[in-house]
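Notes to accompany the following structure.
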2 protein chains.
Amino acid sequence: MLSASHAEQAQNYSDVVVAFDKEPACLQALFWKQPMEQLDAGRTLFFEGDQAKHLFELVEGVLRIFKIMADGRRVITGFLYPGDLVGVSLRNHYLYSAEAVTPTRLRRFSRKAFEETVSGSPELRPQLLARLCDEMAAAQDQMVLLSCKNAEERLCSFLLQQLQRKREQDCSSNVVDLPMTRLDIADYLGLTIETVSRTMTKLTNKGIVGPAGRHSVCIIKVGTLAHLAGEGDEYHGSSSSVISLDNTRRRH
Amino acid sequence: MLSASHAEQAQNYSDVVVAFDKEPACLQALFWKQPMEQLDAGRTLFFEGDQAKHLFELVEGVLRIFKIMADGRRVITGFLYPGDLVGVSLRNHYLYSAEAVTPTRLRRFSRKAFEETVSGSPELRPQLLARLCDEMAAAQDQMVLLSCKNAEERLCSFLLQQLQRKREQDCSSNVVDLPMTRLDIADYLGLTIETVSRTMTKLTNKGIVGPAGRHSVCIIKVGTLAHLAGEGDEYHGSSSSVISLDNTRRRH
DNA sequence: CGTCAACTTGAAAGTGTTCAAGGTCTGTGG
DNA sequence: CCACAGACCTTGAACACTTTCAAGTTGACG
């Protein structure tokens, strides 16, 4: 999965249309001429271990990316949103399965052709690397979350993440929608549906979020939410300066 | 962090020396002429958030790669071993801090020059991508571990991982050494030192591992260890075939 | 309006953490 | 070579948080 969060792809669709037809100026442009495909909610795009013959650009809808363990347990390693590219971890086989959370529309592109085109373009190469690094950074944040955040911190982090993604589009209200089920959220956060549900209730009782139907939430106290998410400032300034090496290490 | 586990870099040092001086045949070769630097055990190579001016090739010793949360909790996202490259997540700032677990020797290379050289070489580019993908795959495995493995499964996975790494070098005995402290292991596996210690004792009592000093373990029953690690076959064959979607999902 | 899946809530149980104490190893200096 | 100090590791008991199991509620859609 490669989220379209960073740098290079701030250029959105309208920009792309302009600078096109000769040489694609951004990665999405490669998919531009491909026919649009539909995928109903709940359908699988590909399975972990499948030969990775194609990449996809998600144009509309939401995908979940997950792995299934031997005993049936599922781990959702991420959700993908419009503008994201799917399956760019350039191996011979997909590292994960991909399913539609909502009805989706996407474009397909041969992986081989993708690699050749990107490899041959000094424009596109750094964009691919940038995306991979964004993905890597996200994976590491997720490891931090799973390693040492408790249920409340996890859910707050998740909600905050959803809010930020929403704000990149329309900077309007604080109502974010959660198209995925509680089970999806649970499998993403390493919790059970019951814990997700209970924690959500707790946040509501505290007045931090307000319910807005089953599949959306209104974030009332953004600051408190950020604080509870336990992500501090995300950046400890620079260099050696303040590295609090106190032994007061907490867990949960 | 980029582990040297896969494909391209199976070519080891001796191979590299031969095909050198004109155009580097592999990523490590770039570091070849750089002066060797020392780093004592416990010393920091760089901090998360520092400007990423250099990349490193780890020649000898072990590094730990970690993030510190606002409240002082530490998450070790990986260990690096000889042959690995450090800091290749090509952002402007390091994503994590790096410290020497044991006394290490490494070579430094300007990140800018690295990017330029790799970018200009059709030989090296796919190698970089391959490493990034390996790193991504490792990160995802770690997410699976942290998401839904219990203490025993985590420790078994870790030991197995160490064993496999050892076997890539000398296929000899089943004694792996663990240069890192229990605290390092705990912070890597998302547990406490006490739990790591207890679980280690339990594995010993079961006769799965035998103690061989504080900083090494003898793996006695590899099969049992692999089974307890709960990693099944790692690959569910291909395609749609058998996807056990039973609801009997367990956790812990 | 009924049905089914999704969600919520409660109570009991389990796993890992926390706190505390004791034990072991290693390096240093006598 | 031995003794000591300090860091590291092990073990025990109480506790906390999440899970598990179970029942009830809500809401979407035919």
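Below, chains carry the letters A, B, ... as their sequence lines are ordered, and counting in each starts from 1.
Judged by a 6.0 Å distance limit and a 45° cone about the ring axis, A:Arg108 is not positioned over the six-membered ring of A:Phe31. A:Arg107 forms no cation-pi arrangement with A:Phe56, by the criterion of a distance under 6.0 Å to the ring centre and an angle within 45° of the ring axis. Within the cation-pi definition used here (under 6.0 Å to the ring centroid, within 45° of the axis), B:Arg74 qualifies as a partner of B:Phe66.
Distances from the side chain of B:Ser197 to the nucleotides C:dC7, D:dT10, D:dT18 place D:dT10 closest. With distances taken from any side-chain atom of B:Thr192 to the nucleotides D:dT18, C:dT8, C:dT18, the minimum falls on C:dT18.
Spacing between atom CG of A:Leu146 and atom P of D:dT18 amounts to 14 Å, rounded to whole angstrom units. With rounding to whole Å, B:Glu153 atom CD is found 14 Å from C:dG16 atom C1'.
For C:dA5, the OP1/OP2 oxygens have no side-chain nitrogen or oxygen of A:Thr181 closer than 4.0 Å. For D:dT19, the OP1/OP2 oxygens have a side-chain nitrogen or oxygen of A:Thr195 closer than 4.0 Å.
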Strictly under 4.0 angstrom, non-hydrogen atoms only: write out the protein contact profile of nucleotides 22-30 of chain D, one letter per nucleotide from the 5' end, B, S or -.
----BS---
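You'll find a donor-acceptor pair under 3.5 Å spanning the side chain of A:Arg198 and the base of C:dG10, going by distance alone.
Ring centers of B:Phe158 and B:Tyr188: under 6.0 Å apart, within the cut-off.
Overall bending of the helix from C:dC1-D:dG30 to C:dG30-D:dC1, expressed as the angle between end axes built from five pairs apiece, is 30° (10° steps).
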